[in-house]
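Proteins get letters first, then strands, A, B, ... in listed order; numbering begins at 1 in each. Note that the structure is predicted; figures quoted are calculated from it, not measured.
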Amino acid sequence: MLAKTYDPAAVEQRLYAQWETSGVFHAEPDPARRPFIISMPPPNITGRAHLGHGSTYTPMDILTRYHRMLGENADWLPGQDHAAIATEAVLVRELAREGLTRDGMGRDAFLARAWEWREEYGDIIYEAFRRLGFGPDWARDRFTMDPGLSAAVNKVFVALYNEGLIYRGTRLVNWDPKARSTLSDAEVEYEDADSTLWHIRYASDDRKRSVVVATTRPETMLGDTAVAVHPDDERYRDLVGTELVLPLASRKIPVIADAAVEREFGTGAVKVTPAHDFLDYEIGLRHDLPMPTVIDVEGKMTGDIPAKYIGMDRNDARRAIASDLEVAGALVKREPYRNKVAVSSRSGEVIEPLLSLQWFCRMETLAKPALDAYRDGSIRFVPERFGRTYEQWLENIRDWNVSRQVWWGHQLPVWYTPNGDAVVAESEDEARRIAQERHGTTALERDPDTLDTWFSSGLWPFSILGWPQKTRELQHWYPNQVMITSREIIFLWVARMVMLGMKFAGDIPFETVFITPLVFDEHGRKMSKSLGNVVDPLDLIEAYGADATRFGIVQQMRLESQELRFDERLCKKAREFNNKLWNAVRYIASLPEGVPAALQLPADAQLTLADRWILSRLRLTVEDVTAALDGFEFGVAADRLMSFAWYEYCDWYLEATKTPRAAVTRAPILTYVLNAFVRLMHPIAPFVTEEIWQALPHEGATIATATWPQAAEIPRDAGAVETFSELMKKIEEARAFRAELKIAPSQKITFDVPSDLNPELVDLLKQLANAEAHPGAARAGGLAGVTVEAPEALLRDRYEREFVKLSDEVARSEKKLSAPNFADKAPADVVAREREKLEQYRRELARVEEALAELAKSMR
RNA sequence: GGGCGCUUAGCUCAGUGGGAGAGCGCUUCCUUGACACGGAAGAGGUCGUUGGUUCAAUCCCAACAGUGCCCACCA
C-alpha cells in the first residue's frame with residue numbers, strides 16, 4: 001500500500017546511498033564514447049551551502065544526469081579550493097579565541113592546525129551537496145593543495161618564470177592591512193561611502209602664492225612629493241615649476257603639470273602621494289618623484305614624518321592631521337562627499353595602496369590566445385553578452401600580482417641565496433643544484449610568501465585530470481564541454497583558466513561557459529548575513545524535500561535574466577507537484593487491472609481519442625524539454641514539465657480514463673506516459689522520479705542510467721489533438737454554465753449532441769462535465785453541434801451576454817480587415833487567418849442568435 | 001564616467017510584430033473511484049512614460065524616469 005502523501009525525507013537518503021554505492025556517478029575515460037565533462041567550480045573549504053550553490057551547481061547536476069541518460073560518457077569532477085586568505089582569516093579568528101596568534105605559533109604549527117581544520121570542517125559543504133542530490137564523481141574528488149595539484153602549480157610557476165612571464169618587482173599594490181597581505185585587482189571591491197572632501201592650502205615659502213588641493217585622505221599628505229595640475233590649466237600655469245611648502249612637514253614640493261589631472265574636479269589641483277595612491281603612483285613614475293612610504297603594513301603611520309604621528313592608526317591620523325591643519329590655518333574647508341572606497345573582498349578592510357616588493361605575472365602574451373579563442377568561436381558564452389565582458393577585460397589586462405603574505409597556500413617555489421639572488425625551481429633539491437651552479441652556494445632561504453589562491457584554481461580543469469602527466473583522463477576529458485559559474489568570477493577565474501589552459505594544456509579548457517544568475521531575496525535585495533535574509537538550502541530541503549528545492553530554484557532561471565529573485569512559493573508548489581505525481585502512481589495502482597507488468601503500448605487500433613491526444617502531447621513535451629535543456633533553459637524545462645504532468649496528464653487524461661470504455665488501454669498508457677515523463681524530469685528532480693520509476697515497470701536498476709525518451713518513438717496524431725482540444729473547450733463551456741447557473745454538481749445537465757457523434761466523446765462529456773447526452777439533435781458534424789440544456793431564463797442571460805461579446809469581436813475583426821492597407825500590405829497568411837476568425841465569430845454569433853430565437857419561441 | 005540588465009495582474013515571474021499568460025494570493029462552489037500538498041468556475045492588467053518605425057507595437061528604435069549588476073586611476 002502506497003502512502004497517501006509523498007514524503008521526501010523517507011526516500012532521499014536511501015536513494016542517494018543506492019546511487020553512490022552502485023557507482024552511477026562514476027565514469028572512466030572511454031575513447032569510444034562521446035564525453036560530457038564538467039569540472040565543478042571548487043567551493044571553498046570554509047564554505048557553507050547557500051542558495052547561490054543552488055542556482056550554479058544544480059544546473060551542473062542536471063546537465064550531467066541528462067547527458068548520462070543520452071548515453072554519453074558523462075562525469076562531473078568535484079573538488080575544493082583551499083581559499084588562501086579566506087581560510088586563513090577564519091583560522092586566525094579561531095586562534096584568537098584561544099589567545100593564540102599566527103606569528104606566535106610559527107609557520108609549521110599554524111599549517112598543521114590549518115590541515116586539521118580542513119579535515120574537520122572542510123567537507124561540510126559536500127554534505128549539503130549530497131542532501132541536494134548532487135551526483136559528482138566523488139571518487140575523483142580533488143583539493144587544490146593535493147600533492148599532484150601542488151606539483152602542477154610549481155611546474156607552471158617555474159615555466160612562466162623561465163619564460164620571463166613571472167617577475168619580481170616593487171610596485172604599488174592593493175594591501176589588506178587586516179589580512180596583512182596583497183590582493184589582486186580582481187579581489188578589490190568598491191563600496192559607496194560618506195566621506196569628507198578636505199580642501200587644504202599649500203603655500204609658497206614666501207606665502208605669496210598658494211594652491212588649494214582637495215583630498216579625501218589628508219593623512220597621506222605627509223607622503224606628498226608634488227602638487228599636480230593639468231598642463232592646459234590657465235589658473236595654475238605660472239605656478240608650474242615653482243615649489244610649495246608642505247604643511248605640518250615643512251618640506252618643499254614642486255608643482256608639476258600632468259594630463260591625468262581633471263581640471264573640473266575640486267580645485268583642479270591635486271596633491272601627489274605616489275606611495276599611497278594609484279593615480280599618484282603613475283604621476284610619480286612619469287615625473288620621477290620620490291615615493292616615501294608613510295603608512296605601514298598594519299595601516300599605521302610611519303616613515304620620515306613628525307614624531308607625534310608615528311604609530312598612529314591611519315584613521316586616527318586622518319582626524320589628527322585634519323585638526324592640526326586647521327590649527328595651522330591650512331584647512332580651507334571641509335565638505336561632505338560621497339565616493340567609493342576600495343575594500344578587500346576577503347576581509348572587508350579598506351585597501352591601503354602600498355609600495356611593496358612582490359611577484360607579478362605578465363599577462364599580455366597569455367591573454368592574446370584567450371582572446372582569439374573567444375573571437376574565433378572556440379569558446380562561447382551563454383548568454384552571449386558575457387563574452388563581451390570577458391573580451392573587454394582581456395583587452396585591457398594588467399599584470400597580476402600573484403604573491404600573498406598568508407601562510408595557508410602554495411608557498412612560492414622561490415629561494416634566495418645569502419646575496420639575495422632568487423632561485424626558482426620545482427623542488428628544493430633542484431633549487432640547491434641551480435644555486436650551486438649559478439651562485440656557488442647551497443645556503444638557501446625559501447620565500448615565505450604563498451601564491452594567490454586563483455593561481456592554483458586557474459589550472460583546475462587540467463590539474464585535476466593529472467597534468468602534467470599525460471593521463472587517460474587528460475587525453476579524453478580535456479577540454480571539458482561546459483563550464484558553469486557565476487559572472488562575478490569571469491575575470492578572477494574563467495579568463496585565467498583559459499589563459500593557463502591554452503598555455504600549458506595546449507587547448508581551451510572548455511567549449512561553453514554558462515553564466516548563472518545571481519540570487520536575490522524576494523524583494524531584490526542581495527542575500528547577506530547582516531540583512532538576515534539568507535536562505536539555507538538545508539532548511540528548504542527540510543520543508544519541501546531536495547527535489548522541490550531544486551525545482552523551485554531552477555524554475556526561476558531564465559537565460560537572459562541576470563538576477564534571480566528567489567521565491568519560496570515555487571518550492572512549495574514543487575513539493576505539491578511531487579505529491580501530485582506520486583498520487584498518479586497510486587491511481588494506476590488502484591485500478592482494477594492494476595499496474596501493467598511491462599511497458600507496452602496497446603495496438604494502434606485500440607487507442608482511444610484521449611490516448612492519442614496524451615501521447616501526442618507527451619511527444620511534444622519530450623521535444624520541448626530536450627530543446628530547453630540543450631539550450632540551458634532550465635526554467636522553461638521546469639515549466640513545461642509541470643504543466644504537462646499536472647494539467648494535461650492528471651487533470652485531463654487521467655480524469656478521462658475514468659470511463660468504462662477507456663478501461664482497455666488506460667493502464668498501459670498511463671504507465672507508459674508516466675514512465676517517460678519521470679525520465680524527462682529526473683535530471684531536475686532525481687529522487688521522486690527514481691521512486692516513481694521503480695514503482696512502475698522498468699528496465700535496469702536505476703532511472704539514473706535509463707535512456708532519455710525519444711520523441712520519434714512516441715505516436716502522434718494531429719487530428720486527435722484537434723478533436724480533443726475542441727472537446728476540452730466544450731467541457732469547459734459546460735462547466736462554466738454549471739457554475740454560472742448555480743447548478744448543483746450532483747444534478748445532471750443535458751447535452752444535445754449530433755446522433756452521429758463518436759460514442760467515446762459522449763462518454764467523455766458525461767465523465768468530465770457530469771452531463772447526459774441527448775442524441776438526435778443532428779447538427780453539423782464534429783463537436784460543433786454540442787449544446788447544453790439548462791433553465792431557460794438563465795440561459796437567455798448567458799446567451800445575451802455571449803451575443804454582445806461576439807458582436808464586439810465581429811466588429812473588431814471587420815474593422816481590422818477593412819483598415820487601409822491591411823489587406824494589401826499584411827502577409828497573406830495573416831489576412832487569411834483574420835478572415836477565418838471573422839467567419840468563425842459570425843458562425844458562433846449566428847448560433848447564439850438562433851439559440852436566442854428558439855428560447856424566445858419556447859418561452860412565449 | 002563607460003558597459004550590461006530589468007520595469008507585464010496584489011506578489012514572484014513567463015511571453016509574442018497580428019485578439020494579454022502562469023503560479024501564489026483572493027472570491028464562489030465541490031470531498032465525484034490517486035491527490036484538500038486536491039478538483040471546478042471566476043474577479044483582477046490602458047504590458048513604466050513620451051515620441052518614432054510599421055498596414056499593425058506590450059514586443060522593434062530613440063529619449064526619459066525608476067531599479068539592479070559589472071567595469072573604470074576623478075583625488
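Each of A:Ala214 and A:Ser813 has a nearest nucleotide on RNA chain B; the 5'-most of these lies closest to A:Ser813. Nearest-nucleotide assignment on RNA chain B puts the 5′-proximal partner with A:Gln555, out of A:Arg735 and A:Gln555.
Take A:Arg801 and apply the salt bridge (Lys or Arg N to Asp or Glu O under 4.0 Å) test, not counting sequence neighbours, and it matches A:Glu740. Applying the ring-ring contact (aromatic ring centres under 6.0 Å, His included) rule to A:Tyr6 yields the partners A:Trp582; only residues at least two apart in sequence or on another chain are considered. Legend: residues meeting ring-ring contact (aromatic ring centres under 6.0 Å, His included) with A:Trp693, ordered by chain and number and at least two apart, are A:His698. A:Tyr672 pairs by the ring-ring contact (aromatic ring centres under 6.0 Å, His included) definition with nothing, not counting sequence neighbours. Scanning for side-chain hydrogen bond (donor to acceptor under 3.5 Å, both in side chains) contacts around A:Glu576 gives A:Lys572, with sequence neighbours left out. Residues that satisfy the side-chain hydrogen bond (donor to acceptor under 3.5 Å, both in side chains) test with A:Asp808, not counting sequence neighbours, are absent from this structure. Residues satisfying the side-chain hydrogen bond (donor to acceptor under 3.5 Å, both in side chains) test with A:Asp567, not counting sequence neighbours, are A:Arg569. Applying the side-chain hydrogen bond (donor to acceptor under 3.5 Å, both in side chains) criterion to A:Thr267, with sequence neighbours excluded, gives no partner residue.
Between B:rC73 and A:Arg398, a contact under 4.0 Å exists linking OP1 or OP2 to a side-chain N or O. For the OP1/OP2 pair of B:rA36 and a distance below 4.0 Å, the side-chain nitrogens and oxygens of A:Lys4 include at least one atom meeting the criterion. Residue A:Trp646 places no side-chain N or O under 4.0 Å from the OP1 or OP2 atom of B:rG23. The side chain of A:Tyr337 contributes no N or O atom lying less than 4.0 Å from OP1 or OP2 of B:rC74. Considering only side-chain N and O atoms, A:Lys580 lies under 4.0 angstrom from the phosphate OP1 or OP2 of B:rG39.
Taking atom C1' in both B:rG44 and B:rC11, one finds a spacing of 13 Å when rounded to whole Å. A gap of 33 Å separates the C1' atoms of B:rG5 and B:rC55, to the nearest Å. Here, B:rU58 and B:rG48 have their C1' atoms 12 Å apart, quoted to the whole Å. Nucleotides B:rC59 and B:rG21 are separated by 14 Å at their C1' atoms, to the nearest Å. One P atom belongs to B:rU7, the other to B:rG17, and the distance between them is 16 Å to the nearest Å. As rounded to the nearest Å, B:rG38 and B:rU32 have C1' atoms that lie 12 Å from one another. When the P atom is used for both B:rG45 and B:rU31, the distance is 32 Å, rounded to whole Å. Here, B:rA22 and B:rA9 have their P atoms 13 Å apart, quoted to the whole Å.
Protein atom CD of A:Glu488 is 14 Å distant from nucleotide atom C1' of B:rC71, rounded to whole Å. Going from atom CG of A:Leu817 over to atom C1' of B:rA56 covers 12 Å, rounded to whole Å. Between the CD atom of A:Glu568 and the C1' atom of B:rC11 there is a distance of 14 Å, given to the nearest Å. Protein atom NZ of A:Lys572 is 19 Å distant from nucleotide atom P of B:rA22, rounded to whole Å.
Counting non-hydrogen atoms under 4.0 angstrom, A:Arg569 reaches a base of the nucleic acid. Within 4.0 Å of A:Arg487, counting heavy atoms only, lie sugar-phosphate atoms of the nucleic acid but no base atom. A:Arg217 comes within contact range of no nucleotide atom at all, as no heavy-atom separation falls under 4.0 Å. Residue-level contact check: A:Lys573 touches the backbone only, with heavy atoms under 4.0 Å from sugar-phosphate atoms and none from bases. Using a 4.0 Å heavy-atom distance criterion, A:Thr5 is classed as a base contact. A:Gln556 comes within 4.0 angstrom of sugar-phosphate atoms only, judged by non-hydrogen atoms across all strands, and of no base. Within 4.0 Å of A:Tyr647, counting heavy atoms only, lie sugar-phosphate atoms of the nucleic acid but no base atom. Across all strands shown, A:Tyr6 has no heavy atoms under 4.0 Å from either base or sugar-phosphate atoms.
Side-chain proximity of A:Leu279 to B:rC24, B:rC35, B:rA75: nearest is B:rA75. Of the candidates B:rA41, B:rA75, B:rA14, B:rA14 carries the atom nearest the A:Arg558 side chain, counting heavy atoms from C-beta on. In the set B:rA34, B:rC35, B:rG39, B:rC35 carries the atom at the smallest distance from any side-chain atom of A:Asn579. Picking from B:rC55, B:rC74, B:rC35 the nucleotide with the shortest atom distance to the side chain of A:Phe822 gives B:rC55. Candidate nucleotides B:rA75, B:rC73, B:rC35 were compared by shortest atom distance to the side chain of A:Val261, and B:rA75 ranks first. Of the candidate nucleotides B:rC55, B:rG68, B:rA41, B:rC55 has the atom nearest to the side chain of A:Lys825. If you check B:rA75, B:rG18, B:rA41 against the side chain of A:Phe265, the one that comes closest is B:rA75. Listed nucleotides: B:rG18, B:rC70, B:rC13. Nearest to the side chain of A:Glu834: B:rG18.
Within residues 648-655 of chain A, the residues approached by RNA chain B to less than 4.0 Å at the level of any non-hydrogen atom are A:Cys650, A:Asp651, A:Leu654, A:Glu655, in residue-number order.
Salt bridge status for A:Arg263 with A:Asp233: absent, with no side-chain N to carboxylate O gap under 4.0 Å. Salt bridge status for A:Arg565 with A:Asp521: absent, with no side-chain N to carboxylate O gap under 4.0 Å. Salt bridge A:Glu395/A:Arg388: absent, no basic N to carboxylate O contact under 4.0 Å. Salt bridge status for A:Arg558 with A:Asp639: present, with a side-chain N to carboxylate O gap under 4.0 Å.
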Contact list (N/O, under 3.5 angstrom) for nucleotides 42-44 of chain B vs protein:
none

Treat primed atoms plus P, OP1 and OP2 as sugar-phosphate and everything else as base, then score nucleotides 1-9 of chain B 5' to 3': B for base contact with protein heavy atoms under 4.0 Å, S for sugar-phosphate contact only, - for none.
-> ---BS----
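Tested against A:Glu839 for a salt bridge (Lys or Arg N to Asp or Glu O under 4.0 Å), the candidates A:Lys837, A:Arg843, A:Arg842, A:Arg835 yield a single pass: A:Arg842.
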Strand RNA chain B in bracket notation, Watson-Crick/G-U under 3.5 Å with | for pairs to another chain | (((((((..((((....[..)))).(((((.......))))).....(((((..]....))))))))))))....
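Checking A:Glu335 against A:His199 by side-chain atom types alone, a donor-acceptor pair falls below 3.5 Å.
Residues A:Glu648 and A:Arg617 approach most closely at OE2-NE, 2.6 Å, considering heavy atoms.
Cation-pi geometry between A:Arg217 and A:Trp198 is not met: the NZ or CZ atom fails to fall both under 6.0 Å from the ring centre and inside 45° of the normal. Remark: A:Arg735 is positioned above the aromatic ring of A:Trp652, its terminal NZ or CZ atom under 6.0 angstrom from the ring centre and at most 45 degrees off the axis.
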